[in-house]
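Notes follow once the structure below has been shown.
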Amino acid sequence: VGLLSSLTAWAEATVWAIEGARNTVYLAGSVHLLRAQDAALPAAFERAYADADVLVMELDLDDMDPMAMSGWVLENGTLNDGRTLRDVLGTARFERLEREGNRLGVPLEMLERMEPWLAAMTLAQIQYVKLGFDPEHGVEKQLERRARMDRKTITGLESMEDQLGILDGLSPEEQAHFLDL
């Protein structure tokens, strides 16, 4: 229900305009993953984008280095101390995770060395893809591609490491709650 409500709200998306003496700042929420049939940007987004000289997003996607990001995730999102995800989660939680992984076609070997936050994100991402949602259709990727073509400056408010670092900094028990299916 939450996802469907979000998509319904997406169709009626609002963009706020904050006008100053020298410029206008537009503020809008976005959806990171959309299905192709839901990907058209609302008219309010189109107008704000057309008027903007600079695109400021949650993350600066055009400067993100995929190899560096993969390295960070590998270093910070895996259990490197000899424990497995079963050790961290306990038997009952791990068995639920295993059932969900099997349902999604995710090999257990892929998950067993991950920290709980990364296992949860991985399963969620795979589920979204199976439902037809794709980050390439999400608002950020659409705007990033368009801004590159239009040669608009793109900047971000924080880095992916900042965002994922918050999840990585949670205790194992707090992280495990992301897997309570």
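No experiment lies behind these values; they were computed from the predicted model shown.
Taken from CG in N76 to CG in D168, the straight-line distance is 5.0 Å, to the nearest 0.5 Å. Between the CG atom of L79 and the CG atom of L85 there is a distance of 6.5 Å, given to the nearest 0.5 Å. In this structure, the separation between CG on L108 and CG on N102 is 7.5 Å, given to the nearest 0.5 Å. The CG atom of L97 lies 5.5 Å from the CG atom of L123; values are rounded to the nearest 0.5 Å. The line from CG of L118 to CG of L167 is 9.5 Å long, rounded to the nearest 0.5 Å. For the atom pair F133 CZ and L33 CG, the distance stands at 8.0 Å (nearest 0.5 Å).
Neither I166 nor M114 shares a network with the other; the hydrophobic side chains, linked directly or stepwise wherever heavy atoms of I, L, V, M, F, W or Y lie under 4.5 Å apart, form separate groups for each. With hydrophobic clusters built from ILVMFWY side chains whose heavy atoms lie under 4.5 angstrom apart, V129 does not share a cluster with V31. A single hydrophobic cluster is seen to contain both W117 and M110, as judged by linkage of ILVMFWY side chains at heavy-atom distances under 4.5 Å, directly or through other members.
Among residues two or more places apart in sequence or in another chain, the side chain to side chain contact (heavy atoms under 4.5 Å, CB included) test is passed with E161 by M69, W72, S159. For R113, the side-chain hydrogen bond (donor to acceptor under 3.5 Å, both in side chains) criterion is met by no residue, not counting sequence neighbours.
For E100 and R96, the salt-bridge test fails: no basic side-chain N is under 4.0 Å from an acidic carboxylate O. Between K141 and D134 no salt bridge is recorded (no basic side-chain N to carboxylate O distance below 4.0 Å).
Taking 4.5 Å as the limit, every side-chain heavy atom of H32 sits out of range of all side-chain heavy atoms of P135. The shortest side-chain heavy-atom distance between V106 and I126 falls under the 4.5 Å cut-off. K130 has its side chain within reach of L104: a pair of non-hydrogen atoms, C-beta onward, lies under 4.5 Å apart. Considering only heavy atoms from C-beta on, I154 stays 4.5 Å or farther from L143 through its side chain. Two residues are said to be in side-chain contact when any heavy atoms from C-beta on lie closer than 4.5 Å; M57 and L59 fail this criterion.
In terms of heavy atoms, H137 sits closest to Q142 at O-NE2, 2.7 Å. Here the closest heavy-atom approach between residue P116 and residue P172 is recorded as CG-O, 4.2 Å. The shortest heavy-atom contact between L74 and N80 is O-ND2, 4.5 Å. Shown here for E144 and L55, the closest heavy-atom pair between the two residues is N-CD2, 4.3 Å. Here the closest non-hydrogen pair linking A119 and L179 is C-CD2, 4.2 Å. Here the closest heavy-atom approach between residue L34 and residue A39 is recorded as CD1-CA, 4.0 Å.
Among residue pairs with one or both ends in residues 15-28, those qualifying as side chain to side chain donor-acceptor pair (under 3.5 Å) are Y26-D51; sequence neighbours excluded.
Although no hydrogens or angles enter the test, the distance criterion places no donor-acceptor pair under 3.5 Å between the side chain of E115 and the main chain of G77. Panel note: side chain R145, backbone E136; a donor-acceptor pair is recorded below 3.5 Å. A distance-only check finds no donor-acceptor pair linking the side chain of D150 to the backbone of K152 [under 3.5 Å]. With hydrogens and angles disregarded, a donor-acceptor distance shorter than 3.5 Å links the side chain of Q175 to the backbone of L170. With hydrogens and angles disregarded, a donor-acceptor distance shorter than 3.5 Å links the side chain of Y49 to the backbone of R146.
No more than 12 heavy atoms of other residues, nucleotides or ligands lie within 6.0 Å of CE in M121, so this atom counts as exposed by the packing criterion.
For Q125 and T122, the side-chain atoms include no donor-acceptor pair closer than 3.5 Å. In the model, E58 has a side-chain atom that pairs as donor or acceptor with a side-chain atom of Q163 under 3.5 Å.
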ask   = When you look at R93 and D180, which way does the salt bridge (Lys or Arg N to Asp or Glu O under 4.0 Å) test go after all the steps?
value = CA-CA 7 Å; R93 257 192 193 133; D180 288 339; 2.6 Å; yes
